[in-house]
Amino acid sequence: MASTEGLQAYEEENLLLSLPKERGWASRYLYLFQHFWCPSTHIQGVNDFQKNFQAKPSDVLVASFPKSGTTWLKALTFSIINRKRFSSSENHPLLTSNPHELVPFLDFIFHADNLQQKLSHLSNMSEPRVFGTHVPFPSLSSSIKDSNCKIIYICRNPFDTFVSSWTFFNKIKQDSLHEVTIEEALEKYCKGIIGFGPTWEHMLGYWKESMATPNKVLFLKYEDLKEDINFYVRRVAEFLECPFTEEEESDGVIENIIKLCSFEKMKDLEVNKSGTVGRNVEKKYLFRKGEVGDWVNYFSPAMTEKLSKTMEEKLSGSGLSFKTCS
Ligand code: PAP
């Protein structure tokens, strides 16, 4: 009889053989799986997450398209939820752990090996549990969609998301792959070929859900948080049904959270300057510039026209739009 791991490898190989594929940005291939482009390195984890994850009503999910502000939103959400447990800024877990370690990605923690051990670890985690995901809304496990758990989604203007992705993927790409030029990358991006893309469909999936069920899905934009973080920290706390009290406000709890999670503070922490998270990603690569509008330093007029046209085409009529410069 085949071992469980052998069987899973066989099933994975058969699944991959049946899917359309394209050359990836940082991994060898992207596979078109359930209508989104899934990196070859994540497909098994995503599949196992869908099949096995059991949501609890108190769970909180930080969902995002990659390079849209996930690290920031994970830090903010963790701090807002745990503000009574870690009230002193000296012993806060964010000073010694990266946000991705405190708020694990459901898409990556399920692997073929030790599945039972992982499931039991997840069910024993203290509540409320906070997780991250890059998986599009339609592909989330049904227990997330059917339970009362909450989802906070962050997206970012596609110009900056694209530049952030292009610079990031060229840093973390497998050695055997050649660097993708910015023109080549934009070509793929506009066709939707990027991990967890097409970007528009990812955003619109959560956008529509946030309109239909505003108590379940909170839809945020990176640019809005940059403009008025104080307002959005309150908004997230209200959405999670743990609003700040007047006493907390006057004690400066909101300001402390904002400072702790700021780009400058996080980038400067020893814990974020060296070492890796997740699938061997250097933590320092998660903190580049953290600005709105940096894309103008990379785009030619022709590239600007191409992406503007694509966005217009894909987002028209949806009510979703972006500020692209600060
Ligand atoms: P991920 O998908 O790999 O988790 P994610 O955190 O979503 O990446 O996005 C990374 C972007 O957020 C980077 O943007 P940049 O390339 O344009 O600079 C990163 O610098 C930015 N970022 C990381 N932490 C923060 C923060 N605390 N505040 C604001 N922006 C941040």
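In each ligand, atom 1 is the first atom listed, and ligand 1 is the first ligand listed.
- By the salt bridge (charged side-chain N to carboxylate O under 4.0 Å, His left out) test, E313 pairs with no residue at all, sequence neighbours left out.
- Between F65 and H202, the ring planes are perpendicular. Angles over 60° get that label, and only those under 30° would be called parallel.
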Show me the donor-acceptor pairs within less than 3.5 Å that the side chains of residues 316-325 make with the rest of the protein, sequence neighbours left out.
unit_1	atom_1	unit_2	atom_2	d
S318	OG	L315	O	2.6
S318	OG	L320	N	3.1
K323	NZ	D224	OD1	3.4
K323	NZ	E227	OE1	3.2

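- In K216, the NZ atom is crowded: over 12 heavy atoms of neighbouring residues, nucleotides or ligands sit closer than 6.0 Å.
- The residues lining ligand 1, counting any heavy atom closer than 4.0 Å, are P66, K67, S68, G69, T70, T71, W72, H100, H134, R156, S164, Y222, C261, S262, F263, L286, F287, R288, K289, G290.
- The aromatic rings of H134 and F196 sit tilted relative to each other, their planes meeting at an angle between 30° and 60°.
- For K191, there are no salt bridge (charged side-chain N to carboxylate O under 4.0 Å, His left out) partners, not counting sequence neighbours.
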